[in-house]
Amino acid sequence: MGGVGLLLFCGIFLGTAPAQAVTGAVTANATVDGRPVGEDTLLLDPAKTAKISVTVHNGTSDALHVKTIRLAGTALALTFFAYDTALPFDVPAGQSVTRSFVLDLADLDGQATGLLPTELSLLDGERDAIAVIDTTGDVRGSAWSVYGIFGLSVLALTLLAWAGALFALARRRLPANRWQRATRFLPAGIGTGLVAVISLSVLRVIAPSPAAEIPFILGAAAVALALGYLTPHPDDPAPETEPEPGSTTRTTVSTTTTATTPATTPATATLRTTTANVDPEATVRLTRPMPPGGAA
(Lines give C-alpha, C1' and ligand atoms only; values in the text may rest on other atoms or scores of the structure.)
Protein backbone atom coordinates (compact mmCIF):
# COMPACT_ATOMS: atom_id res chain seq x y z
CA MET A 1 0.00 0.00 0.00
CA GLY A 2 2.82 2.37 0.81
CA GLY A 3 4.40 1.96 -2.65
CA VAL A 4 1.09 2.41 -4.52
CA GLY A 5 0.11 5.47 -2.49
CA LEU A 6 3.54 7.05 -2.91
CA LEU A 7 3.49 6.46 -6.68
CA LEU A 8 0.09 8.11 -7.05
CA PHE A 9 1.13 10.92 -4.74
CA CYS A 10 4.19 11.69 -6.89
CA GLY A 11 2.10 11.52 -10.05
CA ILE A 12 -0.29 14.13 -8.68
CA PHE A 13 2.53 16.58 -7.96
CA LEU A 14 4.38 15.95 -11.21
CA GLY A 15 1.29 16.05 -13.41
CA THR A 16 0.64 19.46 -14.89
CA ALA A 17 -2.45 20.72 -16.68
CA PRO A 18 -1.97 21.11 -20.43
CA ALA A 19 -2.16 24.55 -21.96
CA GLN A 20 -5.05 25.69 -24.12
CA ALA A 21 -2.72 25.64 -27.13
CA VAL A 22 0.84 24.39 -27.62
CA THR A 23 1.82 27.43 -29.67
CA GLY A 24 0.43 30.84 -28.79
CA ALA A 25 -0.84 31.49 -32.35
CA VAL A 26 -2.84 28.24 -32.65
CA THR A 27 -6.25 28.13 -31.00
CA ALA A 28 -9.04 25.58 -31.02
CA ASN A 29 -12.61 25.30 -29.80
CA ALA A 30 -15.11 22.48 -29.96
CA THR A 31 -18.74 21.57 -29.34
CA VAL A 32 -20.31 18.26 -28.35
CA ASP A 33 -23.95 17.89 -29.42
CA GLY A 34 -24.01 21.65 -29.88
CA ARG A 35 -22.71 22.48 -26.37
CA PRO A 36 -19.37 24.31 -26.11
CA VAL A 37 -16.55 22.26 -24.60
CA GLY A 38 -14.80 23.85 -21.63
CA GLU A 39 -17.51 26.17 -20.36
CA ASP A 40 -19.76 23.63 -18.62
CA THR A 41 -19.52 20.00 -17.59
CA LEU A 42 -19.35 17.74 -20.63
CA LEU A 43 -21.97 14.98 -20.48
CA LEU A 44 -20.62 11.64 -21.74
CA ASP A 45 -23.37 9.00 -21.87
CA PRO A 46 -22.35 5.51 -23.06
CA ALA A 47 -25.92 4.88 -24.23
CA LYS A 48 -25.68 7.68 -26.80
CA THR A 49 -23.35 8.79 -29.56
CA ALA A 50 -21.65 12.19 -29.39
CA LYS A 51 -21.43 14.55 -32.36
CA ILE A 52 -18.17 16.46 -31.97
CA SER A 53 -17.30 19.57 -33.99
CA VAL A 54 -13.78 21.04 -33.81
CA THR A 55 -12.59 24.39 -35.19
CA VAL A 56 -8.85 25.12 -35.47
CA HIS A 57 -7.44 28.59 -36.19
CA ASN A 58 -3.88 28.74 -37.49
CA GLY A 59 -2.31 32.10 -36.75
CA THR A 60 1.18 31.02 -37.78
CA SER A 61 2.92 31.42 -41.14
CA ASP A 62 3.13 27.66 -41.69
CA ALA A 63 0.39 25.20 -42.55
CA LEU A 64 -0.70 22.74 -39.85
CA HIS A 65 -1.53 19.10 -40.40
CA VAL A 66 -3.98 17.52 -37.97
CA LYS A 67 -4.08 13.72 -38.06
CA THR A 68 -5.94 12.57 -34.92
CA ILE A 69 -8.48 13.98 -32.50
CA ARG A 70 -8.32 12.43 -29.03
CA LEU A 71 -10.89 12.51 -26.23
CA ALA A 72 -9.34 11.30 -22.93
CA GLY A 73 -10.22 11.32 -19.24
CA THR A 74 -7.64 11.21 -16.45
CA ALA A 75 -7.64 11.07 -12.66
CA LEU A 76 -4.79 10.81 -10.13
CA ALA A 77 -2.30 11.05 -13.02
CA LEU A 78 -3.82 7.92 -14.62
CA THR A 79 -5.75 7.73 -17.93
CA PHE A 80 -9.01 5.80 -17.57
CA PHE A 81 -10.45 6.28 -21.04
CA ALA A 82 -9.16 7.53 -24.39
CA TYR A 83 -10.78 7.65 -27.83
CA ASP A 84 -8.60 8.37 -30.86
CA THR A 85 -10.36 9.33 -34.09
CA ALA A 86 -8.28 9.48 -37.27
CA LEU A 87 -9.49 12.60 -39.08
CA PRO A 88 -6.64 14.04 -41.19
CA PHE A 89 -6.98 17.61 -42.42
CA ASP A 90 -4.76 20.62 -43.09
CA VAL A 91 -5.11 24.12 -41.70
CA PRO A 92 -3.48 26.73 -44.00
CA ALA A 93 -1.58 29.63 -42.47
CA GLY A 94 -3.83 32.38 -41.20
CA GLN A 95 -7.04 30.38 -41.74
CA SER A 96 -9.57 28.41 -39.71
CA VAL A 97 -10.92 24.94 -40.51
CA THR A 98 -13.87 23.11 -38.93
CA ARG A 99 -14.33 19.35 -38.90
CA SER A 100 -17.17 17.27 -37.41
CA PHE A 101 -17.51 13.57 -36.63
CA VAL A 102 -19.67 11.18 -34.59
CA LEU A 103 -18.09 9.29 -31.68
CA ASP A 104 -19.52 6.03 -30.31
CA LEU A 105 -19.18 6.01 -26.49
CA ALA A 106 -20.61 2.52 -25.84
CA ASP A 107 -17.33 1.20 -24.36
CA LEU A 108 -17.26 4.04 -21.85
CA ASP A 109 -19.70 2.15 -19.61
CA GLY A 110 -16.96 -0.22 -18.47
CA GLN A 111 -14.18 2.34 -18.29
CA ALA A 112 -15.19 5.15 -15.93
CA THR A 113 -17.96 6.82 -13.98
CA GLY A 114 -18.41 10.15 -12.22
CA LEU A 115 -16.64 13.46 -12.75
CA LEU A 116 -13.25 13.23 -14.46
CA PRO A 117 -10.89 15.84 -15.93
CA THR A 118 -11.27 15.46 -19.71
CA GLU A 119 -9.14 16.66 -22.63
CA LEU A 120 -9.97 17.11 -26.30
CA SER A 121 -6.61 17.12 -28.10
CA LEU A 122 -5.58 17.68 -31.70
CA LEU A 123 -2.51 15.60 -32.62
CA ASP A 124 -0.19 15.84 -35.60
CA GLY A 125 1.52 12.99 -37.45
CA GLU A 126 4.16 12.65 -34.68
CA ARG A 127 1.47 12.31 -31.99
CA ASP A 128 2.41 15.72 -30.61
CA ALA A 129 -0.40 17.97 -29.38
CA ILE A 130 -1.21 20.94 -31.60
CA ALA A 131 -3.93 22.27 -29.30
CA VAL A 132 -5.72 21.00 -26.18
CA ILE A 133 -9.14 21.92 -24.78
CA ASP A 134 -9.68 21.16 -21.08
CA THR A 135 -13.06 20.41 -19.54
CA THR A 136 -14.74 18.27 -16.87
CA GLY A 137 -16.48 15.16 -18.12
CA ASP A 138 -19.60 13.80 -16.44
CA VAL A 139 -19.28 10.12 -17.32
CA ARG A 140 -22.45 8.08 -16.84
CA GLY A 141 -20.69 4.72 -16.73
CA SER A 142 -21.09 1.72 -14.44
CA ALA A 143 -19.95 1.56 -10.82
CA TRP A 144 -18.15 -1.67 -11.82
CA SER A 145 -16.09 0.14 -14.43
CA VAL A 146 -12.30 0.25 -14.33
CA TYR A 147 -12.42 3.52 -12.37
CA GLY A 148 -15.01 2.15 -9.92
CA ILE A 149 -13.03 -1.05 -9.30
CA PHE A 150 -9.88 1.03 -8.89
CA GLY A 151 -11.61 3.01 -6.14
CA LEU A 152 -12.79 -0.18 -4.40
CA SER A 153 -9.24 -1.58 -4.55
CA VAL A 154 -7.81 1.56 -2.97
CA LEU A 155 -10.49 1.31 -0.26
CA ALA A 156 -9.59 -2.32 0.47
CA LEU A 157 -5.85 -1.53 0.67
CA THR A 158 -6.57 1.41 2.96
CA LEU A 159 -8.63 -0.75 5.33
CA LEU A 160 -5.81 -3.31 5.42
CA ALA A 161 -3.28 -0.56 6.18
CA TRP A 162 -5.39 0.75 9.07
CA ALA A 163 -6.01 -2.78 10.38
CA GLY A 164 -2.29 -3.60 10.32
CA ALA A 165 -1.31 -0.39 12.12
CA LEU A 166 -4.03 -0.70 14.78
CA PHE A 167 -3.31 -4.40 15.31
CA ALA A 168 0.36 -3.63 15.87
CA LEU A 169 -0.67 -0.91 18.31
CA ALA A 170 -2.92 -3.29 20.24
CA ARG A 171 -0.19 -5.97 20.39
CA ARG A 172 2.43 -3.36 21.40
CA ARG A 173 4.60 -4.17 18.40
CA LEU A 174 5.09 -0.66 17.04
CA PRO A 175 8.67 0.74 16.86
CA ALA A 176 10.02 2.49 19.94
CA ASN A 177 10.91 5.63 17.95
CA ARG A 178 7.98 8.08 17.64
CA TRP A 179 8.72 9.06 14.05
CA GLN A 180 8.94 5.43 13.01
CA ARG A 181 5.55 4.83 14.61
CA ALA A 182 4.21 7.86 12.72
CA THR A 183 5.44 6.54 9.35
CA ARG A 184 3.74 3.22 10.12
CA PHE A 185 0.40 5.09 9.95
CA LEU A 186 1.36 7.18 6.87
CA PRO A 187 0.20 4.69 4.15
CA ALA A 188 -3.19 4.44 5.82
CA GLY A 189 -3.48 8.24 5.81
CA ILE A 190 -2.54 8.55 2.13
CA GLY A 191 -5.02 5.82 1.28
CA THR A 192 -7.74 7.63 3.20
CA GLY A 193 -7.11 10.79 1.18
CA LEU A 194 -7.24 8.84 -2.09
CA VAL A 195 -10.50 7.19 -1.08
CA ALA A 196 -12.00 10.59 -0.30
CA VAL A 197 -10.94 12.01 -3.69
CA ILE A 198 -12.28 9.02 -5.65
CA SER A 199 -15.52 8.92 -3.67
CA LEU A 200 -16.23 12.60 -4.32
CA SER A 201 -15.52 12.02 -7.99
CA VAL A 202 -17.82 9.00 -8.31
CA LEU A 203 -20.57 10.82 -6.40
CA ARG A 204 -20.19 13.74 -8.85
CA VAL A 205 -19.29 16.29 -6.18
CA ILE A 206 -15.76 17.37 -7.19
CA ALA A 207 -13.60 16.27 -10.11
CA PRO A 208 -10.18 14.94 -8.99
CA SER A 209 -8.06 17.87 -10.16
CA PRO A 210 -4.72 18.61 -8.43
CA ALA A 211 -6.32 21.54 -6.61
CA ALA A 212 -8.82 19.14 -5.02
CA GLU A 213 -6.53 16.12 -4.61
CA ILE A 214 -3.61 17.70 -2.77
CA PRO A 215 -5.55 19.15 0.22
CA PHE A 216 -7.39 15.88 0.86
CA ILE A 217 -4.30 13.68 0.60
CA LEU A 218 -2.00 16.01 2.58
CA GLY A 219 -4.64 16.54 5.26
CA ALA A 220 -5.33 12.82 5.72
CA ALA A 221 -1.59 12.03 5.73
CA ALA A 222 -0.95 14.71 8.38
CA VAL A 223 -3.71 13.33 10.62
CA ALA A 224 -2.34 9.79 10.30
CA LEU A 225 1.20 10.96 11.09
CA ALA A 226 -0.06 12.77 14.19
CA LEU A 227 -1.95 9.70 15.37
CA GLY A 228 1.11 7.50 14.91
CA TYR A 229 3.38 10.02 16.64
CA LEU A 230 1.07 10.23 19.68
CA THR A 231 0.65 6.49 20.15
CA PRO A 232 2.02 5.17 23.49
CA HIS A 233 5.52 3.76 23.72
CA PRO A 234 5.38 -0.04 23.31
CA ASP A 235 7.68 -0.56 26.34
CA ASP A 236 5.51 1.44 28.75
CA PRO A 237 4.14 -0.83 31.52
CA ALA A 238 0.48 -1.62 31.31
CA PRO A 239 -1.65 0.14 33.97
CA GLU A 240 -2.32 -1.95 37.09
CA THR A 241 -5.93 -2.82 37.72
CA GLU A 242 -7.33 -2.25 41.23
CA PRO A 243 -9.37 -5.03 42.82
CA GLU A 244 -13.09 -4.56 42.69
CA PRO A 245 -14.90 -3.67 45.92
CA GLY A 246 -15.95 -6.77 47.85
CA SER A 247 -13.44 -9.04 46.18
CA THR A 248 -11.09 -11.11 48.33
CA THR A 249 -7.49 -12.10 47.81
CA ARG A 250 -6.55 -15.64 48.52
CA THR A 251 -2.94 -16.50 49.39
CA THR A 252 -1.66 -20.02 49.47
CA VAL A 253 1.35 -20.86 51.62
CA SER A 254 3.12 -24.10 50.96
CA THR A 255 5.35 -25.78 53.52
CA THR A 256 7.94 -28.44 53.03
CA THR A 257 8.53 -31.15 55.57
CA THR A 258 11.69 -33.16 55.73
CA ALA A 259 12.68 -36.01 57.95
CA THR A 260 16.11 -36.42 59.38
CA THR A 261 17.93 -39.66 59.33
CA PRO A 262 17.40 -41.48 62.64
CA ALA A 263 20.40 -41.45 64.87
CA THR A 264 21.71 -44.88 65.59
CA THR A 265 22.56 -45.22 69.27
CA PRO A 266 22.76 -48.37 71.34
CA ALA A 267 19.79 -47.54 73.47
CA THR A 268 17.42 -45.28 71.52
CA ALA A 269 16.69 -43.89 68.01
CA THR A 270 15.56 -40.34 67.53
CA LEU A 271 13.01 -39.28 64.86
CA ARG A 272 12.99 -35.54 64.21
CA THR A 273 10.66 -33.68 61.85
CA THR A 274 11.35 -30.16 60.77
CA THR A 275 8.88 -27.80 59.00
CA ALA A 276 10.17 -24.89 56.91
CA ASN A 277 9.68 -21.45 58.40
CA VAL A 278 8.68 -22.92 61.76
CA ASP A 279 9.97 -21.69 65.09
CA PRO A 280 12.72 -24.00 66.34
CA GLU A 281 11.02 -24.08 69.74
CA ALA A 282 8.05 -25.78 68.11
CA THR A 283 10.17 -28.72 66.84
CA VAL A 284 8.77 -32.04 67.99
CA ARG A 285 11.23 -34.66 69.24
CA LEU A 286 10.03 -38.24 69.43
CA THR A 287 11.97 -41.11 70.94
CA ARG A 288 11.18 -44.79 70.95
CA PRO A 289 13.14 -47.69 72.44
CA MET A 290 15.20 -49.77 70.08
CA PRO A 291 14.19 -53.42 69.67
CA PRO A 292 16.56 -56.03 71.07
CA GLY A 293 19.35 -56.82 68.71
CA GLY A 294 20.00 -53.32 67.39
CA ALA A 295 18.44 -51.14 64.64
CA ALA A 296 15.79 -52.68 62.39
*Asks:* Which residue pairs satisfy the side chain to side chain donor-acceptor pair (under 3.5 Å) criterion with at least one member in residues 142-157, sequence neighbours excluded?
*Replies:* Y147-S201
*Asks:* List in chain and number order the residues that pass side-chain hydrogen bond (donor to acceptor under 3.5 Å, both in side chains) with S199, two or more places apart in sequence or in another chain; answer none if no residue qualifies.
*Replies:* none
*Asks:* Please report the shortest heavy-atom distance between D62 and T60, naming the atom on each side.
*Replies:* O-OG1, 3.0 Å
*Asks:* Taking Y229 for the side chain and T183 for the main chain, is one N or O donor matched with an acceptor at less than 3.5 Å?
*Replies:* no
*Asks:* Verify side chain to side chain contact (heavy atoms under 4.5 Å, CB included) between R204 and T113, making sure each step is shown before the conclusion.
*Replies:* CA-CA 9 Å; R204 296 179 173 84; T113 185; 3.6 Å; yes
*Asks:* Walk me through it: do V54 and V56 pass the test side chain to side chain contact (heavy atoms under 4.5 Å, CB included)?
*Replies:* CA-CA 7 Å; V54 179; V56 182; 4.1 Å; yes
*Asks:* Restricting to ring-ring contact (aromatic ring centres under 6.0 Å, His included), what partner residues turn up for F89, sequence neighbours left out?
*Replies:* none
*Asks:* Under 4.5 Å side-chain heavy-atom separation, chaining through any Ile, Leu, Val, Met, Phe, Trp or Tyr, what else clusters with L43? Say none if it is isolated.
*Replies:* none
*Asks:* Go through the structure and list residues passing side-chain hydrogen bond (donor to acceptor under 3.5 Å, both in side chains) with S100, not counting sequence neighbours.
*Replies:* S53
*Asks:* Quick one: side chains of residues 66-81, donor-acceptor pairs under 3.5 Å with protein atoms, not counting sequence neighbours, listed by atom name and distance.
*Replies:*
residue: T68; atom: OG1; partner: R127; partner atom: NH1; Å: 3.4
residue: R70; atom: NE; partner: D84; partner atom: OD1; Å: 2.8
residue: R70; atom: NH2; partner: D84; partner atom: OD2; Å: 3.2

*Asks:* In Å and rounded to the nearest 0.5 Å, what is the OG1 to CD1 distance from T85 to I52?
*Replies:* 6.5 Å
*Asks:* Indicate, with yes or no, if L203 and L116 share a hydrophobic cluster defined by side-chain heavy-atom contacts under 4.5 Å among Ile, Leu, Val, Met, Phe, Trp and Tyr.
*Replies:* yes
*Asks:* Taking only residues at least two apart or on different chains, which pairs with a member in residues 38-73 satisfy ring pair (Phe, Tyr, Trp, His ring centres under 6.0 Å)?
*Replies:* none
*Asks:* Do the non-hydrogen side-chain atoms of I217 and L194 ever get within less than 4.5 Å of each other?
*Replies:* yes
*Asks:* Can you name the one residue among N29, V97, T31, T27 that meets side chain to side chain contact (heavy atoms under 4.5 Å, CB included) with T55?
*Replies:* N29
*Asks:* For residues P210 and P215, report the shortest heavy-atom separation together with the two atoms involved.
*Replies:* O-CD, 4.2 Å
*Asks:* Excluding sequence neighbours, so at least two apart, what forms salt bridge (Lys or Arg N to Asp or Glu O under 4.0 Å) with R178?
*Replies:* none
*Asks:* A221 and I190: which non-hydrogen atoms are nearest, and at how many Å?
*Replies:* CB-CG1, 4.2 Å
*Asks:* Find the distance between CG (L42) and OG1 (T135) and round it off to the nearest 0.5 Å.
*Replies:* 5.5 Å
*Asks:* On a heavy-atom basis, which atom in G151 and which in I198 lie closest, and how many Å separate them?
*Replies:* CA-CG2, 3.8 Å
*Asks:* May I ask you to decide if A50's main-chain N or O and D33's side chain share a donor-acceptor pair within less than 3.5 Å?
*Replies:* no
*Asks:* Residues two or more places apart in sequence or in another chain: which of them pass salt bridge (Lys or Arg N to Asp or Glu O under 4.0 Å) with D109?
*Replies:* none
*Asks:* State which residues pass salt bridge (Lys or Arg N to Asp or Glu O under 4.0 Å) with R140; sequence neighbours excluded, sorted by chain then number.
*Replies:* D138
*Asks:* Just jot down the salt bridge (Lys or Arg N to Asp or Glu O under 4.0 Å) partners of D40, sequence neighbours excluded, or say none.
*Replies:* none
*Asks:* Could you pull out the closest heavy-atom pair between G193 and A220, with the gap in Å?
*Replies:* N-CB, 3.6 Å
*Asks:* Can you see which heavy atom on D107 is nearest to which on Q111, and at what distance?
*Replies:* O-CG, 3.3 Å
*Asks:* For the pair R172 (side chain) and P232 (backbone), establish whether a donor and an acceptor sit closer than 3.5 Å, ignoring hydrogens and angles.
*Replies:* no
*Asks:* To the nearest 0.5 Å, tell me how far L44 CG sits from L105 CG.
*Replies:* 6.0 Å
*Asks:* Can L64 and V26 be said to form a side chain to side chain contact (heavy atoms under 4.5 Å, CB included), step by step?
*Replies:* CA-CA 9 Å; L64 296 177; V26 177; 3.6 Å; yes
*Asks:* May I ask you to test the K48-D104 pair for a side-chain heavy-atom distance under 4.5 Å?
*Replies:* no
*Asks:* With ILVMFWY side chains joined below 4.5 Å, transitively, what does V223's cluster contain besides itself?
*Replies:* W162, L166, L169, L174, F185, L227
*Asks:* Apply side chain to side chain contact (heavy atoms under 4.5 Å, CB included) to the pair I130 and L123, showing each step before the final yes or no.
*Replies:* CA-CA 6 Å; I130 298 174; L123 309 178; over 6 Å; no
